[in-house]
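Start at 1 and go down the list; that is how both ligands and their atoms are numbered.
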Amino acid sequence: MGKDVIIACDFPSAEETLSFLAGFGEERPFIKIGMELFYAEGPRIVRDLKERGHGIFLDLKLHDIPNTVKKAMRVLSSLGADMCNLHAAGTKAMMAAALEGLTRPDGSRPLLIAVTQLTSTSEERMRDELLIASSMDEAVIKYAENAREAGLDGVVCSPLEAARVHSVCGFSFLTVTPGVRFAENDTADQARVTTPSEAKRMGSDYIVVGRPITAAANPVEAYHKCLKDFI
Ligand code: C5P
């Protein structure tokens, strides 16, 4: 797997997801299944979409004690996901246990990506509610370093942070970046956005794109524009 555009399938049901994907005909884009769809439809939605030939990023952001995460990751890995994630805040011990759980009997495993600080968390809330006194930038980089030391494959971050993460953690450490829009003024609820071509320039490895594709008048055309601009 190399650089790619991942479509965030933030739909409430399998029916809506399949009808959206039907528009792509024989094409099989890499897709992200998040909590809404997974909790609504269960593990079967992962198996079904995998069987249809999609690459799957299972965005369930696990965070629990190491043993629980290890066992949960074993289940997710068996569904055939290509990429899974967790919260780096769960510590290096939790991340290492997750990797163990993900590794299949044949030695293969999905990529494992860490969420550093959620983009909805402000520096002020981090300080006042989480009692983390460092800057957002320092916290993100420290969590990325922890993830790399635990053996993970990369982090979810803003494209604006991708270059810094690569300079500290190396270029083979992946940056998976949401917050992508075709135009700067079209932010919706994302605070900081970049276009696919800017994300490419900043060194993102995967862009995660939801509404600019799913809510477009012509989703297939919007997806192809993302591919053309990003890859
Ligand atoms: O519709 P939009 O392009 O904003 O969707 C972005 C996707 O990436 C959503 O599924 C959202 O949950 C996810 N995401 C994000 N920011 C993060 C982590 C995940 O936007 N820090």
Measure the spacing between CG of Leu152 and CG of Leu111 and express it to the nearest 0.5 Å. 10.0 Å
Need the list: ligand 1 N/O atoms against protein N/O atoms, distance under 3.5 Å, rounded to one decimal.
unit_1	atom_1	unit_2	atom_2	d
ligand 1	1 (O)	Arg211	N	2.7
ligand 1	1 (O)	Arg211	NE	2.7
ligand 1	3 (O)	Arg181	NH1	3.0
ligand 1	3 (O)	Gly210	N	2.8
ligand 1	4 (O)	Arg181	NH2	2.8
ligand 1	4 (O)	Gln190	NE2	3.0
ligand 1	4 (O)	Arg211	NH2	2.8
ligand 1	10 (O)	Asp10	OD1	3.3
ligand 1	10 (O)	Asp10	OD2	2.7
ligand 1	10 (O)	Lys32	NZ	2.8
ligand 1	16 (N)	Thr119	OG1	3.4
ligand 1	20 (O)	Gln190	NE2	2.8
ligand 1	21 (N)	Thr119	OG1	3.1

So, using side chain to side chain donor-acceptor pair (under 3.5 Å) as the criterion, who are the partners of Thr17 when residues are at least two apart? none
Lys/Arg-Asp/Glu bridge criterion (N-O < 4.0 Å) met for Lys61, Asp59: yes
Using a strict 4.0 Å threshold on nitrogen-to-oxygen distance, state whether Asp229 and Lys200 make a salt bridge.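 No, no charged N to carboxylate O under 4.0 Å.
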For a side-chain contact (heavy atoms from CB on, under 4.5 Å) with Tyr223, tell me which candidate from Asn218, Ile213, Thr214 qualifies. Ile213
Side chains of Thr121 and Arg125: is there a donor and an acceptor less than 3.5 Å apart?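 Per modelled atom types, Thr121 and Arg125 side chains form no pair under 3.5 Å.
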